Every structure is written in C-alpha cells, then in structure tokens.
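Below you'll find the structure, written out as structure tokens, and then a few comments.
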Amino acid sequence: MPTTVQAAVAHAGEREFRVEELELRDPGPGEVVVEIDATAFCYSDWIALRGDTGLPGDAYPVVLGHSAVGTVVERGAGARHRVGRRVLITATPECGRCFWCRAGRVDQCAQLFVPPPVIGTLGDGRAVRAPGASATYAERTVIRDIQVFPVDSGLPDPWLAMFGCGVISGMGAVVNVAEVRPGASVLVVGCGQVGLWMIQAARAAGAEVIVAVERLAHRRALAARLGATHVLDPAACDVEEAVRDATGGRGADHGLDAGGSVDSVRTAFAATRLGGVVTLTSYVTRDTTVEFPLFDLALRGRDVRSSQSGRLDMRRDMRRFLPMLEHGVVDAEAMLGRIRPLSAMAETLEAARSRAEPTPVIAG
Ligand SMILES: [Zn+2]
Ligand SMILES: [Zn+2]
C-alpha cells in the first residue's frame, strides 16, 4: 500500500522547500522503504534547489537529501535488507556487479548518477523524483537496497546522519584519496562540513602542519579548535605565500579543496608543493571549468586526484571511521548544527545557506 508521508519538496524555480504530503509508492524489486530517523542537510542541496546542478526543469518536483540514518520498514521483492534493520543512506550506490564495483572503485558504480527515479506523487497527481536516488528529506523514502548499508552502532542518530556525506567525503578524501601520512603538511581550502572533517582526519592521521583557509571567522575558530595549526583568511593575506611560510618555503604536501569554487580549486593547486597531491571534492555547476597552465600540470609533478564522496567503500569505511567517532578520535559533536524537525525545513535551509552551522540536521 502506498503510504502518505511528509516531505520537503523542491519545485522548479523556487528557492525554498515546501513541506507537504507525498504519497510514497510501494517498493519495487530490490528496493526498500526506510523510515528516516535523522538526515544531515548538505550544502549541495542548496545548489540543487536553486537549479544549478544541471537538473532539467521537467525533473521537478524533487525530494533531495542523501545522508541519513533510518530503519527499513518495508521490503520489495528480493531486497536484501530485512524489515527492522538499521541502515545508513549515502548518495553512492554499490551494485557489486558493474565494472567499477568489481574493480574496487565503488565510488564510480555504474548505478551512480542515474536519471532521478519517481518515488511518489503529490496531492495533485504530479510525480515526485529523487535526484541522487535517496530523497532523505522526508519521513520515509523508497530506495534501492544497493544504496543502504546496515549499521550496528550505538552512536547518536545525528552523528550517524552525517556519515553518508560529510564524514565520508571529508575523512575519505584525506584517508582514501590523499593518503595523508604522519608528519605531512596539509592545506584545506574551505571549512564547511567537508573541510572540517578533512582537518580532523588530517590531525588523526598525524599531519604536522594543517593550514585551513576560510573567509568566515566563526569557521576559522572551529577549524583551529578541531586541529588546524594555521588558519588563514584569504581576504586578509596572500594564501600561497602564507602556506609556503608554514611549509619550509615549498608549499603543502597535500592541497585539498572543500570550497567548491573556481578560486578555491586554484588555491589548492597553487599552494601545493611540486610533487604534492591535490585532491578535489566538489563542483560549482556541471558546466564549470577550471584552467591550469599545462606546464604546471604536466611537468611540475602535482598529482591531481578526484574524490567523489571520499572514494568511499561504505562497508570498509564504516569499519574505518565509525570507531574514530566512537572513541573521540574525531569530534562529531562539534560538527553538528541545530537539530530541527522536517517541519522547520525553512530554518534548516537558512542555517545552511548562511553557513551559520557546520551541519544542520533534520530529525524528529
Ligand atoms: Zn552531500
Ligand atoms: Zn556498481
């Protein structure tokens, strides 16, 4: 039986969510219905809401959200998770069968970036789709079983809600992609949720110098509290020069972009030393391009790496990172913004849009 649920629905051309009733369709083969216990709000959904992700206008209305903890309440034919199973939801599926999954590159699974599936209908009969195929900004969602991962953890729901995007994207970028080693120097450009998880992961990995670049003072303060050894305001200093000063004149061993702008990508590249590793995690719009001098790119030894969701492998990374949250190796509580119910979606969006909180969470 289809179920009526409350959902934060994004309509074409609107810059606010409408919290309204959605008739969730039944799960099909290989799908489950998950009751959302808590979901983190991701800044990329503000980009999607304002229409900059390249989603065609006729894909709307949509339900966004891609990082959550919940409970399986219904199971379609052949779905592999039983009713009652506690699960984490992330944006990246793992089909286990495609070329990339078999090659150990789950982050590029052939089932990633599929056309948004229909998850239900509005009162007026219009179909509602789910870009990212996850739709966690709702009381319940219908989702492929390849995109939910059983979790046995006593950690608080709001912490677990951050795992599927912030934790995995930030810590994964440092551990899985950049492979930061003890004694390394690390530059993190942008101190939103991804950048702050990067700083924490770099500190946990034993990085000696961690330079954080951030325009907003409250974020710089948090970056320093969470492990940055140097915090730079790009409006008040020459970042490249300051990074060189902090790294024996060379530039950082690792430059990580978590700023999601052309400028932040350029900064991460330019302030990384020759032979260093540049890790890119975000995008501005699908059409955005960044230019680098070919000489620098081809002959100066910087290794530029792509970090889709921290090159995740959920089962491996839950084993890697959940204990770090559990044992306080990284500070999850400091990453939380306020926890608000779905009905307060307007305030949650404003908290994200104004960058007032590291990770606004929707629960209850
Ligand atoms: Zn996200
Ligand atoms: Zn796959």
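All values reported here derive from a predicted model rather than from experimental measurement. Each ligand, and each atom within it, is numbered from 1 in the order the structure gives.
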Transitive ILVMFWY side-chain link Ile168 to Val174, under 4.5 Å: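 Both belong to a single hydrophobic cluster.
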
Heavy-atom side-chain proximity of Ile210 to Arg203 below 4.5 angstrom: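 Answer yes - side chains close enough.
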
Side-chain heavy-atom pair Glu214, Leu222 within 4.5 angstrom cut-off: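 Glu214 vs Leu222: side chains apart.
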
Modelled atom types, side-chain donor and acceptor of Ser264 and Thr267, under 3.5 Å: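 Judged by distance alone, the side chains do not pair up.
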
Between Gln147 and Arg144, a side-chain donor and acceptor under 3.5 Å: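 Per modelled atom types, Gln147 and Arg144 side chains form a pair under 3.5 Å.
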
Polar protein atoms near the Zn ion (ligand 1) [N, O or S; cut-off under 2.8 Å]: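 Listed by chain and number, the atoms are Cys42 SG, His66 NE2, Cys165 SG.
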
Atoms of protein origin (N, O or S) under 2.8 Å from the Zn ion (ligand 2):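 Protein N, O or S atoms closer than 2.8 Å to the Zn ion (ligand 2): Cys95 SG, Cys98 SG, Cys101 SG, Cys109 SG.
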
Lys NZ or Arg CZ of Arg315 over Phe149 ring: under 6.0 Å, within 45°: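 The answer is no; the distance or angle limit is not met.
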
Lys NZ or Arg CZ of Arg105 over Trp100 ring: under 6.0 Å, within 45°: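 Cation-pi check for Arg105 and Trp100: fails.
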
Using a 3.5 Å cut-off and no angle test, enumerate the donor-acceptor pairs between side-chain atoms of residues 187-196 and protein atoms at least two apart in sequence or in another chain.
| residue | atom | partner | partner atom | Å |
| --- | --- | --- | --- | --- |
| Gln193 | NE2 | Phe41 | O | 3.2 |

Side chains of residues 274-283: which donor-acceptor pairs under 3.5 Å do they make with residues two or more places apart or in other chains?
| residue | atom | partner | partner atom | Å |
| --- | --- | --- | --- | --- |
| Thr281 | OG1 | Asp257 | O | 2.7 |
| Ser282 | OG | Gly260 | N | 3.3 |

